[in-house]
Number of protein chains: 2
Amino acid sequence: MASRSKPVSSGNSPANSRGKPTLRTIADITGLAVTTVSRALANAPQISIETRNRVRQVALDIGYSPDRAAQRLKTGRTNVIAVLLEPHEEILGYGTSVMAGIAKALQGTAYHLIVMPNFLNTANIDAINYIIRNSMADGLIFSRTEPLDPRVMLLSENGFPFVTHGRTELATAHPFVDYDNFTFAYEATRRLIAKGRRRLALISGPAGYTFAGHIQHGFMTAVREAGCAYEILSDIDLDSPAGAIRDRIRRRYAENDPPDGFTCGGEVCALATITGMTDCGLTLGLEYDIVAKQTSQLLGAIQPRVDTIYEDLTATGEHMGRILLRRIAGSTDINELQLLLNPELPFETQPASVAD
Amino acid sequence: MASRSKPVSSGNSPANSRGKPTLRTIADITGLAVTTVSRALANAPQISIETRNRVRQVALDIGYSPDRAAQRLKTGRTNVIAVLLEPHEEILGYGTSVMAGIAKALQGTAYHLIVMPNFLNTANIDAINYIIRNSMADGLIFSRTEPLDPRVMLLSENGFPFVTHGRTELATAHPFVDYDNFTFAYEATRRLIAKGRRRLALISGPAGYTFAGHIQHGFMTAVREAGCAYEILSDIDLDSPAGAIRDRIRRRYAENDPPDGFTCGGEVCALATITGMTDCGLTLGLEYDIVAKQTSQLLGAIQPRVDTIYEDLTATGEHMGRILLRRIAGSTDINELQLLLNPELPFETQPASVAD
DNA sequence: TCGTATGATGAAAACGTTTTAAATGGGCGA
DNA sequence: TCGCCCATTTAAAACGTTTTCATCATACGA
């Protein structure tokens with residue numbers, strides 16, 4: 001009894017020792033117990049509806065918000081989503097767009113987005129191990145999957161919630177959002193063919209990534225259907241510095257039977273290709289054409305004559321965020337955890353967008 | 001006595017209920033008290049050196065790492081740095097570069113980087129208020145300051161540690177990292193003049209931001225020194241869509257005395273300018289010149305004839321991170337909390353880089 | 001031999017939550 | 001009237017740290 005008898009509504013005592021209102025503050029004001037307040041705020045059915053409302057009102061009045069550290073300590077949930085940032089993502093705002101999307105999905109939830117950059121250019125399996133072992137997040141998002149991605153395997157084995165940007169060829173299904181790069185490359189290449197181009201070249205993603213294979217597959221399917229000459233430009237890929245791509249194009253043009261149509265997996269690489277061709281005295285739309293994947297507004301304005309197919313990275317991020325939340329909430333229904341975005345459809349009409 | 005007598009080294013008991021080793025685990029293994037273990041790991045001088053080593057070894061062996069939530073709850077420190085992400089930062093990887101730099105500075109420390117995107121296009125004063133009130137981070141980083149930036153005022157008043165990318169004109173000094181945009185614009189414009197250009201135009205930052213003023217000031221100083229004709233292109237700025245800039249250039253060229261030299265504050269805007277001029281039948285390096293600020297490898301490779309002056313955003317981020325850590329650690333020495341990066345010097349030779 | 005300074009360790013409380021288990025009191029059937 | 005159940009509410013423990021204060025040898029000067 002002598003120990004801490006309830007101060008019975010200490011009136012205007014607004015906060016605790018640190019100055020921030022806590023459950024205890026609300027308890028003192030309402031005359032309820034901390035337990036009750038906690039339950040009321042959690043909307044527990046066992047608390048009477050009047051009490052719930054009263055508590056909520058007081059919480060609002062004094063500007064209460066729960067202490068994340070305490071919640072995390074008690075529940076074991078971190079309320080954190082981690083995104084692995086790759087060096088390649090610096091270019092053209094890939095990372096920023098995706099993160100903006102993720103953040104959008106996380107808006108209004110208790111989740112925060114933390115960024116874990118991968119400095120070592122290694123596969124970031126160590127970072128993932130670290131995150132799992134120290135339970136630093138409730139879920140993980142990363143991009144650029146490989147067909148047999150060791151990161152996916154590690155996470156799957158540990159039952160750690162994650163979503164990838166990109167698919168794998170692993171037996172066990174896992175949550176992902178992916179852009180249909182096959183269709184992209186197929187359609188892009190067909191557009192070149194429709195423009196009358198017959199000697200086609202592809203600048204694809206870096207070898208080893210699943211999406212690079214999809215792009216090549218789409219390209220190959222289109223050129224074989226049409227029976228065109230084709231080549232996949234060696235020594236360079238989407239991640240190559242623009243200068244390297246430009247030089248490669250110049251070199252290629254000096255050789256026999258240069259391409260007259262380019263399927264480019266990215267904007268920078270399209271610009272670099274144009275630069276190289278311009279240096280050789282060729283004009284886009286006249287002697288050759290380009291169809292490129294577009295992920296920003298840059299290309300459309302700079303080079304309107306580059307035909308593009310759009311990939312909405314912010315939407316991708318938003319989908320990944322939503323799917324991850326579902327996964328964390330316990331969903332195992334793979335249908336609502338996987339999403340293949342269609343190059344044609346705008347964001348609004350995508351299925352998962354209306355799912356919740 | 002009956003209560004919890006020490007299990008005296010329960011041998012191979014590796015972890016707690018949740019499966020993660022804790023201080024208690026180490027305490028049980030070593031036979032020490034939790035207090036002692038905590039102190040040993042904190043390298044407290046009162047703990048004998050042998051004990052410290054032994055504890056550290058055991059911690060290493062069992063893969064202990066402290067629970068952030070518990071630390072945070074107890075100490076009130078979050079070990080989190082928040083960075084406010086602006087919409088404009090999607091373009092050309094500004095945000096990603098800066099974040100990569102910040103993360104680099106945070107590497108090896110206990111700090112995590114969390115991203116708070118600013119969706120409302122408003123001044124993000126609300127987000128900052130939220131961060132302060134709920135003590136969601138130990139420090140804050142944001143960019144694009146205004147001369148009388150209300151965010152800076154709010155944070156200063158609350159004594160909340162922060163670093164800005166950009167200066168203000170407020171009376172009370174605050175930590176910042178800034179690029180010397182005056183010198184950039186001054187030198188850029190002088191280069192145009194040196195190339196013989198005499199009708200100069202500027203595409204500056206959006207009105208209202210401090211750095212836009214600096215750029216204009218540098219530009220004006222150079223053109224007045226040389227007595228050239230000049231103009232600051234109205235209706236557009238660095239943040240304008242590339243298409244808008246291109247159109248504006250075309251329109252301007254249709255009028256009297258079009259410019260023959262452009263000082264561009266960014267790469268996209270330089271490319272858009274080139275596009276507009278090309279549309280008017282003009283060739284870069286022949287009829288006109290451009291000097292632009294470069295923040296990526298894009299422009300150099302695409303348009304080598306654009307003269308550029310480099311701003312290293314990753315380095316900027318790294319400096320901001322380091323300065324913020326100093327500030328959080330309690331430094332009030334304004335000399336080591338402010339840094340004006342010189343356009344000429346490469347990163348390695350900057351003062352703050354060697355400071356620690 | 002005693003008291004005390006010293007160097008090392010330990011017990012317990014606290015941070016703010018959630019959760020398990022228990023208490024309270026009224027209503028109701030028998 | 002009694003016992004029981006239901007609807008609410010509460011007490012207390014726990015999550016894993018850090019920190020305040022206390023304990024305990026041991027050594028030391030007298």
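Residue numbering restarts at 1 for every chain, and letters A, B, ... go by the order of the sequence lines. These numbers come from a predicted model, not from an experiment.
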Considering only heavy atoms and no angle criterion, is a donor-acceptor pair shorter than 3.5 Å present between the side chain of A/Arg68 and the base of C/dT18? no
To the nearest Å, give me how far apart CD (B/Glu50) and C1' (C/dA8) are. 10 Å
Need one value for A/Thr36: base, sugar-phosphate or nothing, where a base atom within 4.0 Å counts as base even if backbone is also close, heavy atoms only. base
Note, B/Ile114 side chain near A/Val115 side chain (heavy atom, < 4.5 Å): no
What is the distance from CZ of A/Arg54 to C1' of D/dT8, rounded to the nearest Å? 13 Å
Report the distance from atom CG of B/Asn43 to atom P of D/dT18, rounded to the nearest whole Å. 13 Å
Can you find a side chain N or O atom of B/Ser48 that sits less than 4.0 Å from OP1 or OP2 on C/dT9? yes
OP1 or OP2 of D/dG16 sitting under 4.0 Å from any side-chain N/O of B/Gln71? no
For a quick check under 3.5 Å, do B/Thr168 and B/Thr145 share a side-chain donor-acceptor pair by atom type? no
d(NZ, B/Lys20; P, D/dG16) in whole Å: 8 Å
When the distance from CG of B/Asn134 to P of C/dG16 is rounded to whole Å, what number comes out? 14 Å
B/Gln46 CD to D/dT19 P: how many Å, rounded? 11 Å
Between B/Thr109 and B/Ala105, which heavy-atom pair has the shortest distance, and what is it? CG2-O, 4.1 Å
Check every atom of C/dG16, C/dT17, D/dT10 against the side chain of A/Tyr64 and return the nucleotide holding the closest atom. C/dT17
Can you tell me how far C1' of D/dT19 sits from CZ of B/Arg77, to the nearest Å? 12 Å
Using a 6.0 Å cut-off, check whether atom CZ of A/Arg54 has over 12 heavy atoms from anything other than its own residue. yes
Which comes earlier along DNA chain D counting from the 5' end, the contact point of B/Val34 or that of A/Ile47, where each point is its nearest nucleotide? A/Ile47
Which residue, B/Leu23 or A/Ile49, contacts DNA chain D at a nucleotide closer to its 5' end, judged by nearest heavy atom? A/Ile49
Closest-nucleotide mapping onto DNA chain C: is B/Thr75 or B/Arg39 further toward the 5' terminus? I mean the 5' end. B/Arg39
B/Met136 side chain near B/Tyr130 side chain, heavy-atom distance below 4.5 Å: yes
Once you round it to whole Å, what is the distance between C1' of C/dT18 and CG of A/Asn79? 13 Å
I'd like to know if B/Thr35 reaches the base of C/dA12 with its side chain, counting only an N/O donor and acceptor under 3.5 Å. yes
Candidate nucleotides C/dG10, D/dT9, D/dC15, ranked by approach to the side chain of A/Lys74 - the nearest: D/dC15
Minimum-distance nucleotide to B/Asp67 side chain [options: C/dT9, C/dT17, D/dG16]: D/dG16
